[in-house]
Amino acid sequence: MERTHTCGQLRAADAGREATLMGWVNRRRSLGGLIFIDLRDREGITQVVFNPSISAAAHSLAEEMRPEYVVAVHGVVRLRPEGASNANLATGEVELEATQAEVLNPAKTPPFYINEDAEIDEPLRLRYRYLDLRRAKVKNNILFRHRVVKYIRDWLDKRGFVEIETPILVKETPGGAREFLVPSRIQQGSFYALPQSPQQFKQILMVAGFDKYFQIARCFRDEDLRADRQPEFTQLDMEMSFVDQENVLQITESLLTDLVESLGTHRLLAKPFPRLTYDEAMAKYGSDKPDLRFGLEIVDISDLAGASEFKVFQAALATGGQVKALRAPGLGHYSRRELDELVQFAQNRGAKGLMTVELAEGGPKSPLTKFMTAGQMDRLAQLLNAQRGDLILIVADRPDVVAEALGQLRLEVGRRLNFMDPNLLAFAWVLQMPLLEWNDQEGHWQSKHHQFTMPMDEDLHLLDTAPQRVRAKQYDVVCNGTEVGGGSIRIHRRELQEKIFRLIGMSDEEARGMFGHMLEAFEYGTPPHGGIAPGIDRLVMLLSGAENIREVIPFPKTQSGVDLLTGAPSPVTRRRLADLGLTLLPEAARTAWQSDNP
RNA sequence: GGAGGCGUGGUGUAGCGGCCUAACAUGCAGCCCUGUCAAGGCUGAGAUCGCGGGUUCGAAUCCCGUCGCUUCCGCCA
């Protein structure tokens, strides 16, 4: 038998023709005489009916079929009898009346349901991922991911972008994420790294003249996993020559907008995407990746707090800190216990404490009433635009602590009040980030993004005098509180690049050793260039409403970095290690070495 | 490295010191059934409660340890 149709294909118009379907038994319903089988493949489900008076042989074979058996069925497409069609199936108006059947391969009873959408123990799903991937929800995520990537490829191709592959075995790059290392057998004692991104290669492609490049690039980072982080993930890596920041923002925004409007079922909150400065995002939302699906902006109440008698506020302000507040609409009825929960929440995120003010019927209820006048209390409510029944949360601390604590509290309040509309996509740009940050441990500046990022033209003169005030031509695109992608205009002149290397504590020798090829390349006619790299996994997550990144990756790893399907990573023999010139350090020696060499 | 949550027939859950000889649903097996589609009906098999130790007259239940998964913090240029 040869397959003529998929299980999602047959329609009323096909009635009367012969067809052969192959697929998996999704369900079997035996009525004794008649047997119905829902046959499933990637494309859909078609009902097959086995009638002993049509084919006794096929019917008796159907008696033996069980869920997940792989079978082939030949027969005639029939319109279903009056009232027997199934509106839930695309093929529901017809059925295949079997004249001939074959079991291509029987199947054991699967360890979990393929044909139902149930919550299943995740390790079990991952161990039997090939079964998990048969389930509608996971399968659809993977198929959707294909459509997203295909859309992106076509969109960029149409606009003159060239897809180019870059190496996976690359040179180790200092700074940034920890890289995976791959020992070289031929060069004993030397190692390749797996790329955390194709950064250097895409810049070099610009030098080479491929002025619009993209790649669906696998990236690797040897860091701990999260709900939205896997050790290997995929980025849409893009780079363009002869562009400045505005061009990159335009083209990225246009791509994302078209993508969402063509493939998504979501509503874009704002078009064009709002643009926030980094300082603004941190001040108003306590985050460099704010969730803009709801307001609840953080308000600076330092002046008011300074005028109060509350020592904690005064102490914070005296040491360069700030006092900021957040309004939690309608939570003014919270009990002692519920308030304690929020205090604990803030403390878990670094705050020393959390001051609460409940705007109750009889007036504000708060420990602060002892330290503030009634007028000051009114002023507080006024600053926050708070009404009776609201709760005000106040944190006094260093600016970074205040931002983190109130930023997280803002999200928590948003969650509790159901402000996070899952049908909404609130994209935004975060711009003008600081180029550098001070590394206290090592006593020098370090790049906040990466060392190839171009400073803003108007801040170039500050590099020598006030490096902390230099802003970068860097941009992050964020959506619903996650960072979807980031990029920058790059440095394309050797002198400036060398200056940055020196600023971040690299000697000229070190710089030449690690990035000599880049510096050299810049001397052979390098166009101004820049790019961006949206995360494909996170985009697909957002667009498909997946709860975590593992739902949109066919073969993901667990939080401890294990692939439960294949068992990677696995120990290797001493012989294999010897081939690479390696030995394993005993546990004790390893710990000792680590503590001696921090 | 740290904090929290979870772990009970194949699967999803209930039980949270003695009523547990562990319940329910589903799946699985057998039988009946010619218009079902989460088919239906009847019958049956199936778990010493992640693992180890402790408390107790008595532990799925309490305590300690450990393993796995997960969420978060640190980390993620």
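We name chains A, B, ... by the order of the sequence lines, and we start the count at 1 in each one.
A:Asp222 meets the side-chain contact (heavy atoms from CB on, under 4.5 Å) test with A:Arg178, A:Phe180; sequence neighbours excluded. Judged as a side-chain contact (heavy atoms from CB on, under 4.5 Å), and not counting sequence neighbours, the contacts of A:Phe345 are A:Arg349, A:Gln408, A:Leu409, A:Glu412, A:Arg415. With sequence neighbours left out, A:Arg125 forms a salt bridge (charged side-chain N to carboxylate O under 4.0 Å, His left out) with A:Asp132, A:Glu551. Under the side-chain contact (heavy atoms from CB on, under 4.5 Å) criterion, A:Lys448 pairs with A:Tyr278, A:Pro434, A:Glu437, not counting sequence neighbours. The side-chain contact (heavy atoms from CB on, under 4.5 Å) test applied to A:Val70 returns A:Trp24, A:Leu104, A:Asn105, not counting sequence neighbours.
Put simply, A:Phe36 rests on the base of B:U36: the two rings are less than 5.5 Å apart at their centres and nearly parallel, under 30°.
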Output one line per pair: protein atom, nucleotide atom from nucleotides 22-27 of chain B, and distance, for all N/O pairs under 3.5 Å.
residue, atom, partner, partner atom, Å
B:U26, O2', A:Tyr113, OH, 3.0
B:U26, O2, A:Tyr113, OH, 2.9

Find every protein N or O atom lying less than 3.5 Å from an N or O atom of nucleotides 71-73 of chain B, and list the pairs.
residue, atom, partner, partner atom, Å
B:U71, OP1, A:Arg550, NH1, 3.3
B:U71, OP1, A:Arg550, NH2, 3.1
B:U71, O4, A:Gln559, OE1, 3.4
B:C72, OP2, A:Ala227, N, 3.2
B:C73, OP2, A:Arg226, NE, 3.1

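Contacts of A:Glu412 with the nucleic acid, taken as non-hydrogen atoms under 4.0 Å apart, are absent. Among the atoms of the strands shown, only primed sugar atoms or phosphate atoms (P, OP1, OP2) are found under 4.0 Å from some heavy atom of A:Leu124. Within the nucleic acid shown, A:Thr173 has no heavy atom closer than 4.0 Å to any nucleic acid atom. Residue-level contact check: A:Asn115 touches neither bases nor backbone, having no heavy atom under 4.0 Å from any strand. Backbone-only engagement by A:Pro111 is indicated by non-hydrogen atom pairs under 4.0 Å involving sugar-phosphate atoms exclusively. At a threshold of 4.0 angstrom between heavy atoms, the contacts of A:Ile120 are confined to the sugar-phosphate backbone, with no base atom among them.
A donor and an acceptor atom sit less than 3.5 Å apart, one in the side chain of A:Arg229 and one in the base of B:C75. Judged by atom type and distance alone, A:Arg80 reaches the base of B:C37 through a side-chain donor-acceptor pair under 3.5 Å.
The distance from atom CG of A:Asp121 to atom C1' of B:U13 is 13 Å, rounded to the nearest whole Å. Between A:Glu179 atom CD and B:C76 atom P there is a gap of 12 Å when expressed in whole angstrom units. Atom C1' of nucleotide B:C37 and atom CZ of A:Arg40 are separated by 15 Å, given to the nearest angstrom. Atom CD of A:Glu63 is separated from atom P of B:A29 by 13 Å (rounded to the nearest Å). Following rounding to the nearest Å, A:Tyr69 (OH) and B:C28 (P) show an atom-to-atom distance of 11 Å. Distance CD1 (A:Ile35) to C1' (B:U34): 11 Å, rounded to an integer number of Å. Spacing between atom CZ of A:Arg28 and atom P of B:U34 amounts to 14 Å, rounded to whole angstrom units.
Using a 4.0 Å cut-off between charged nitrogen and carboxylate oxygen, A:Arg78 and A:Glu97 count as a salt-bridge pair.
Checking B:U36 for Watson-Crick or G-U wobble geometry (two distances, each under 3.5 Å) identifies no partner in any strand. Pairing partner, B:A45: none, since no Watson-Crick or wobble contact has both distances short of 3.5 Å. The partner of B:G68 is B:C6, by the rule that a Watson-Crick or G-U pair needs both atom distances under 3.5 Å. Figure legend. B:U13 is base-paired to B:A23; pairs are counted as Watson-Crick or G-U wobble with both atom distances under 3.5 Å.
The backbone N or O of A:Gly530 sits nowhere less than 3.5 Å from a side-chain atom of A:Arg490 that would complete a donor-acceptor pair.
For the OP1/OP2 pair of B:C69 and a distance below 4.0 Å, the side-chain nitrogens and oxygens of A:Ser560 include at least one atom meeting the criterion. OP1 or OP2 of B:A39 lies within a sub-4.0 Å distance of a side-chain N or O belonging to A:Arg29.
Contact annotation: the side chain of A:Gln203 approaches that of A:Glu239 to within less than 4.5 Å [non-hydrogen atoms, C-beta and beyond].
Residue A:Ile500 holds its CD1 atom at 5.0 Å from CG of A:Leu463, rounded to the nearest 0.5 Å.
Sorted by first and then second residue, the side-chain hydrogen bond (donor to acceptor under 3.5 Å, both in side chains) pairs with a member in residues 54-63 of chain A form an empty list; sequence neighbours excluded. Sorted by first and then second residue, the pairs that involve residues 166-175 of chain A and meet side-chain hydrogen bond (donor to acceptor under 3.5 Å, both in side chains), not counting sequence neighbours, are A:Thr166-A:Gln215.
Comparing B:C37, B:U11, B:U34 against the side chain of A:Gln47 picks out B:C37 as the nearest. Side-chain proximity of A:Ala177 to B:C76, B:U70, B:C37: nearest is B:C76.
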